[in-house]
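Remarks on the structure that follows.
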Amino acid sequence: MTAVQLDVAAARSAFPAVSSNSYIFADNAGGSQCLRAVAERVTDYLLNTNVQLGADYSVSVISTNRVAEGVEAARQLLNAASVDEVAFGGSSSMLAENLSRALEADVVEGEEIIVTGEHEANAGPWKRLASRRGLTIKVWNATPSPKTPNNPYSVSLHLETLLPLITSKTRLVAFTACSNILGSIVPVKKVIAAIKAKAREVGARKVETSVDCVAYAPHRRIDVQDWGVDYCFFSVYKVYGAHLSVLYTRAECIKSSLSSLTHHFLSYDNSSLKLQPGGTGYELVYSTTAVPEYLKSLSSAGTLEAGFELIAQHEQTLIRPLLTYLKSKESRGVRIVGEESADPSRVPTVSFVVVGPQKKSSKEIVRTFDQAGNIGIRYGHFYAYTLIEGLEPKIDLADAIVRISLVHYNTVEEVEKIIELLDLALV
Ligand SMILES: Cc1ncc(COP(=O)(O)O)c(C=O)c1O
C-alpha cells in the first residue's frame with residue numbers, strides 16, 4: 001500500500017546536516033542539504049575508481065559503468081527518452097550559456113526570443129545570443145494577480161500575457177517552470193502546447209522552448225516527454241545532491257538545431273556530447289545515482305511520481321501557516337512577493353517585503369534571524385534582477401526581498417520557530 005503521508009523523520013535521517021543538529025535550513029532555494037549517500041558515493045568513486053573512462057582494464061570498466069549509472073539517474077529525474085539527451089555541467093547558468101552557443105548557427109537575423117524576468121540563467125545567454133546575431137528580445141513579465149488587488153507584489157506569469165508576444169519571427173521561448181522568488185509553478189505542459197499552437201497559427205519557421213527547472217526540481221516531478229519541451233535544465237545541488245547540473249536536449253533538436261561546442265567530429269555524433277565540452281566531474285555524476293534512489297524510497301510505491309506527491313503534500317503543511325502569518329501582518333506593511341494562496345501550484349519558497357510608515361529593510365529582518373543563530377534565511381534579488389526591478393511600486397534592488405525557502409525535510413515545528421522570529425523582527 002502507498003504511504004499516505006511523508007515520513008518526515010525518515011526523510012530527515014538521510015541528511016546528516018539536518019538530522020544531526022538543530023539548525024533550521026531555510027535557504028534551500030539557494031542550495032539544499034546533501035544526502036549522506038551522495039557524499040559516500042563521491043568518496044567511494046574518488047578513493048576506489050578514480051581513473052579515466054572508456055578503457056578495457058577492470059577499474060576503468062567500473063568507473064565507466066558508474067558514470068553511465070549517473071547519466072541514467074539524471075535521465076530518470078527528467079523522464080527523458082534516452083541517456084543521449086542528457087548533458088552534465090558545473091552549473092545551470094553554464095549549461096544554458098553552452099546551449100545558447102550551440103544554437104547560434106541555427107538562428108536567423110531578425111528572429112525573436114522571448115525570455116522572462118525570472119532568474120537570469122535562462123535569460124542572459126539568450127540576450128547575449130540576440131546581440132551577437134541581431135535578434136530581438138521580448139520579455140514575458142510577471143504581472144499582478146487579479147485575485148489579490150490589494151497587493152501589487154503578488155505577481156506571477158500568466159499565459160494570456162505571453163501569447164501576444166509570439167509572432168511569425170519567434171524562434172525560442174525561455175521561461176521558468178517555477179520562480180525562485182515567487183514560488184509559483186508555471187503549468188509547463190499547457191504553456192508549451194499553447195506556444196506551439198500559436199506558432200503554427202502565425203506561421204513561425206521554428207519555435208523551441210527552454211525551461212529552467214532549477215527551482216522546480218526539488219518539489220515536483222519533471223517530465224520532459226509529457227511536457228513536449230525541447231531544452232530543460234536543473235541543478236543537482238538543489239535536489240539533495242552534489243554541486244553539478246543537468247541539461248536535457250530533445251533528440252530531434254540535437255540533430256537539427258545544435259552544433260558541437262568543441263570537437264568537429266562530435267557534430268556527427270547526435271548525442272548531448274555536442275553540449276558537453278570535455279569530461280564532467282565523474283565522481284559527482286556517479287553520486288547523482290543516490291538522488292532518484294532516495295526520492296523513490298520516500299513512498300511505498302517506490303516511484304518518483306509517488307515520492308514527489310508525498311513531498312508536495314507535506315510542503316503544503318509548511319506553506320499554509322507561513323502565508324497565513326504573513327497575510328495577518330498586512331497592516332504592519334508586510335506584502336507577500338508572489339502567490340498569496342497556498343494552492344497546489346505553489347512551492348514553499350515564500351518572499352516578502354515590508355512597506356509603508358513602519359517599513360523595515362529586508363536586511364534588518366534577516367539580521368534578526370542571523371542574531372538568533374541556528375537558522376539560515378536571506379535577502380536579496382536572487383539573480384531574478386529583472387523581476388525585482390519591474391515590481392511597482394519600486395523596491396530598493398540592493399535590499400530587495402526576504403526569502404524563506406523550505407523543502408520537504410523542513411518541519412511544521414521549524415515553521416513555528418520561523419514565525420516566532422518573524423514576530424520579533426517585525427516589532
Ligand atoms: C530558478 C533558478 N535558475 C537558475 C539558477 C542558477 O543555477 P546555477 O547556480 O546552477 O547556475 C538558480 C540558482 O539559484 C535558480 O534559482
Side-chain angles (χ1 to χ4, degrees), residues 25-34 38 74 77-78 86-101 115-128 139-142 155-157 173-186 188 191 209-220 222 229 231-248 275-276 280-281 284-285 287-288 291 337-339 345-351 376-389 400-407:
F25 292 97
D27 182 27
N28 297 287
S32 68
Q33 292 310 297
C34 182
V38 165
L77 290 170
L78 294 159
V86 177
F88 278 93
S91 69
S92 285
S93 305
M94 191 195 92
L95 286 170
E97 181 64 29
N98 286 351
L99 175 63
S100 71
R101 287 171 186 272
V115 299
T116 66
E118 300 279 357
H119 195 289
E120 196 63 15
N122 202 18
W126 306 115
K127 291 176 188 169
R128 288 186 287 279
V139 184
W140 177 21
N141 282 312
V155 297
S156 56
L157 291 171
V173 184
F175 63 98
T176 42
C178 178
S179 170
N180 68 330
I181 284 191
L182 310 172
S184 45
I185 293 178
V186 172
V188 178
V191 168
T209 51
S210 164
V211 178
D212 174 344
C213 282
V214 177
Y216 179 96
H219 308 283
R220 297 287 191 279
I222 299 175
V229 67
Y231 310 110
C232 156
F233 54 84
F234 71 91
S235 300
V236 183
Y237 73 95
K238 305 205 199 225
V239 194
Y240 323 117
H243 214 290
L244 83 168
S245 297
V246 173
L247 171 67
Y248 164 78
L275 284 132
Q276 206 171 267
T280 52
L284 304 182
V285 174
S287 74
T288 304
V291 175
V337 178
E339 295 280 347
S345 65
R346 203 193 195 297
V347 304
T349 298
V350 175
S351 303
I377 68 162
R378 65 193 296 176
Y379 72 96
H381 56 66
F382 302 100
Y383 286 21
Y385 190 96
T386 308
L387 170 73
I388 299 291
E389 196 180 32
I401 53 140
V402 180
R403 185 179 76 180
I404 297 162
S405 55
L406 307 173
V407 289

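For ligands, and for the atoms within them, numbers begin at 1 and follow the listed sequence. In what follows, residues are counted from 1 in the order of the sequence shown.
The two residues Ala29 and Thr349 come nearest to each other via the heavy atoms CB-OG1, 4.3 Å.
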Using residues 88-95 as the side-chain source, report each donor-acceptor pair under 3.5 Å to any protein atom, sequence neighbours left out, with the distance given to one decimal.
residue	atom	partner	partner atom	Å
Ser91	OG	Met94	N	3.0
Ser92	OG	Ser235	OG	2.7

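With sequence neighbours excluded, the residues that form a salt bridge (charged side-chain N to carboxylate O under 4.0 Å, His left out) with Glu97 are Arg101, Arg128. Here Ala217 pairs with Ile222, Phe234, Val239 under the side chain to side chain contact (heavy atoms under 4.5 Å, CB included) rule; sequence neighbours left out.
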Note every protein N or O atom lying under 3.5 Å from an N or O atom of ligand 1, pairing the names and giving the distance.
residue	atom	partner	partner atom	Å
ligand 1	3 (N)	Asp212	OD1	3.3
ligand 1	3 (N)	Asp212	OD2	2.5
ligand 1	9 (O)	Tyr237	OH	2.5
ligand 1	10 (O)	Ser92	N	2.8
ligand 1	10 (O)	Ser235	OG	2.7
ligand 1	11 (O)	Ser92	N	3.3
ligand 1	11 (O)	Ser93	N	2.8
ligand 1	11 (O)	Ser93	OG	2.6
ligand 1	14 (O)	Lys238	NZ	2.5
ligand 1	16 (O)	Asn180	ND2	3.3

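You'll find the side chain of Val191 stays beyond 4.5 Å of the side chain of Leu157, heavy atoms only.
In this pair, His243 and Tyr237 present their aromatic rings parallel. The plane angle is below 30°, not in the 30 to 60° band.
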